[in-house]
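Reviewing the structure listed below.
Counting starts at 1 for both ligands and their atoms, following the listed order. Computed from a predicted model, the values in this text were never measured in an experiment.
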Amino acid sequence: MSSPSARRVELGEGLQYHLMIKRGDVSRYVLLPGDPERVPVIAKYWDKAWHVATHREFVTYGGYYKGVFISATSTGIGAPSTAIAIEELARCGADTFIRVGTTGALRREIKLGDIVISTGAVRLEGTSRHYAIPEYPAVASFEVVLALIEAAESLGVNYHVGLTASSDSFYVGQERPGFRDYLPPFQRGLVDYLKSMNVLNFEMEASVIFVLSSIYGLRAGAVCAAIANRETDEFKPGVGVEDAIRVANEAVRILSEWDSEKEKRSKKYITVDIVKSTKR
Ligand code: URA
């Protein structure tokens, strides 16, 4: 076997250097939690599940959810490791990503435990700038957004839809005081500024997932449980996470149904007709 190239870095037979997965190991539909421990929790809802690989912060499971081949890979916290996950999953055939995470809401009406479905994200992270100019948009796929809304409706979960801000920093970059109350002047007022632009929530990975997916012609969406509210100053770790997971799993089933129908009708995009014809 020839030695791996430093430029391409793949190991033998297409094995990916960080995720330790290869083509055939993952579905086209991949759920992306940040936390490695959330992967088995996601898989608990599947009819059948198996562990694929664990390496660093990246844990991958495969399985079947209501008959649909599905995968989940943890991204770790933040944009750099998330971009690695997207790169390597895409090389293995994944084309549809749904981030399943937690978030800090910026609006009073988003109650703790509600979920937020992102239509796009403000790029307050550095990784996507390695890929595209700052003016390049971070937008979710309308098909994934629609599937997430449909899933939330069918499961009766409280949801909000709109813009997210993705930051590289959980503390100071989200206008939380750092150690010894450090908060530089340029971060002061950030919460109010984002609120004034109708941004709903803070998290740390959606924008890089959206930018990379748009560049590569893949689909992506994000659904996050509000565990904090910056307006009411409430914080409840873990609340709503199971709902976000249920919605993401169900959105994959819905997308797979729409995708089959698209293929049957030789359509490139989901249409209202397709949605109606697959509605139970
Ligand atoms: N994740 C974040 O990035 N911010 C929060 O406030 C909560 C979860």
Side-chain angles (χ1 to χ4, degrees), residues 31-39 41-42 57 72 74-83 85-86 97-128 138 140 148 157-179 181-184 187-211 220-245 247-248:
L31 303 189
L32 300 172
D35 182 355
E37 289 184 4
R38 206 171 296 139
V39 176
V41 181
I42 290 171
E57 60 266 69
S74 54
T75 60
I77 295 178
S81 59
T82 302
I86 299 289
F97 301 105
I98 302 180
R99 162 160 161 68
V100 193
T102 55
T103 191
L106 301 180
R107 316 196 74 83
R108 189 170 289 275
E109 65 270 22
I110 303 178
K111 304 292 176 216
L112 293 192
D114 285 1
I115 62 166
V116 179
I117 297 167
S118 308
T119 52
V122 184
R123 295 167 57 192
L124 301 181
E125 40 75 28
T127 307
S128 71
L148 286 167
V157 171
N158 268 350
Y159 66 96
H160 307 262
V161 181
L163 291 173
T164 292
S166 304
S167 172
D168 265 345
S169 156
F170 182 86
Y171 291 100
V172 170
Q174 295 185 24
E175 208 191 340
R176 288 190 170 99
F179 182 52
D181 276 345
Y182 175 71
L183 195 60
Q187 298 293 9
R188 293 173 199 265
L190 179 64
V191 167
D192 280 344
Y193 181 42
L194 291 169
K195 264 171 49 191
S196 76
M197 292 188 292
N198 206 17
V199 173
L200 301 188
N201 62 318
F202 260 135
E203 55 77 77
M204 299 178 71
E205 294 83 14
S207 65
V208 78
I209 298 172
F210 295 166
V211 168
V223 55
C224 292
I227 59 160
N229 187 304
R230 301 300 300 278
E231 186 77 3
T232 60
D233 205 21
E234 298 166 290
F235 178 49
K236 196 168 179 191
V239 70
V241 169
E242 296 275 344
D243 278 346
I245 290 172
V247 166

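Contacts of K195 classified as salt bridge (Lys or Arg N to Asp or Glu O under 4.0 Å), with partners at least two apart in sequence or in another chain: D192, E231.
No donor-acceptor distance shorter than 3.5 angstrom exists from the side chain of R38 to the backbone of S74, with no hydrogens or angles considered. In this structure, R99 contributes its side chain and C224 its backbone to no donor-acceptor pair below 3.5 Å. The main-chain N or O of T102 is never found under 3.5 Å from a side-chain atom of E203 such that the two would form a donor-acceptor pair. Side-chain atoms of R230 come within 3.5 Å of backbone N or O of E175 as a donor-acceptor pair.
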Per-pair distances, ligand 1 N/O vs protein N/O, less than 3.5 Å:
unit_1, atom_1, unit_2, atom_2, d
ligand 1, 3 (O), Q174, NE2, 2.9
ligand 1, 4 (N), Q174, OE1, 2.8
ligand 1, 6 (O), R176, NH1, 3.3
ligand 1, 6 (O), R176, NH2, 2.5

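A donor and an acceptor atom, one from each side chain of E205 and T75, are nowhere located under 3.5 Å apart.
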